[in-house]
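Input: a single structure, listed below in structure tokens.
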Amino acid sequence: MCGSLTEDCKARIEYISEVTGLYFIEDVSFTNSGYKVFNSIPLLESNIIVIVGHNFRVLAFLKEFKDDIYESNVVLVSCYLKKMRDLIEYDKNVYISHQTVTNSTETLVGTDYGFDFNPTCSELDLYNSKGDLLQRIEFSFEKR
């Protein structure tokens, strides 16, 4: 999920495609929602959804579309999520990007790592990790 189809969002889609080895297309059922949602082709058998955005947008998305998310593993790339009760009460396996002591998510200069967007430390860990996708997510993100 991206707030708009900016160059940053396009670069993240390419990144997710490279990490998963799958192609992604826009889910048009969300067209009027103000969000950009992309589904893998074929549909990801690992039962994983990745949501990227500012914390208030991520939480609004989860609240609005909670019943539409069929995946049981939800990966959130955002900041200030550690203390939010909505995530703890969410009935899914929730993984959040590593947070600093101030609950922010550190981003790196993407061009230093060959990316056209500024990845979080968790995204870089995921990119460089080995194993099946869920094992790599569990290694790279914090489970809530």
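Note: Tyr113 and Tyr127 fail the aromatic proximity criterion, with ring centroids not under 6.0 Å apart.
Here CG of Leu124 is found 11.5 Å from CG of Asn118. Values are rounded to the nearest 0.5 Å. Atom NZ of Lys143 sits about 7.5 Å away from atom CG of Asn73, to the nearest 0.5 Å. To the nearest 0.5 angstrom, Asn93 atom CG is 8.0 Å from Glu138 atom CD. The CD1 atom of Ile96 sits 4.5 Å away from atom CZ of Arg144, with the distance rounded to the nearest 0.5 Å.
Between the Thr120 side chain and the Glu106 main chain, no donor and acceptor come within less than 3.5 Å of each other. A side-chain donor-acceptor contact under 3.5 Å links His98 to the backbone of Ser140. Between the side chain of Arg136 and the main chain of Ser129, a donor-acceptor pair closer than 3.5 Å is present.
For the pair Leu126 and Phe139, the minimum side-chain heavy-atom distance is 4.5 Å or more. Side-chain atoms of Val77 and Phe141, non-hydrogen and from C-beta on, do get closer than 4.5 Å to each other. By the 4.5 Å heavy-atom criterion applied to side chains, Phe115 and Glu123 are not counted as neighbours. Within the 4.5 Å cutoff, the side chain of Leu62 has heavy atoms near those of the Val74 side chain.
Closest approach of Ser122 to Ser97, counting heavy atoms only: OG-CA, 3.4 Å. When all heavy atoms of Cys79 and Ser104 are compared, the pair lying nearest together is CB-CA, 3.7 Å. In terms of heavy atoms, Gly53 sits closest to Val58 at O-CG2, 3.5 Å.
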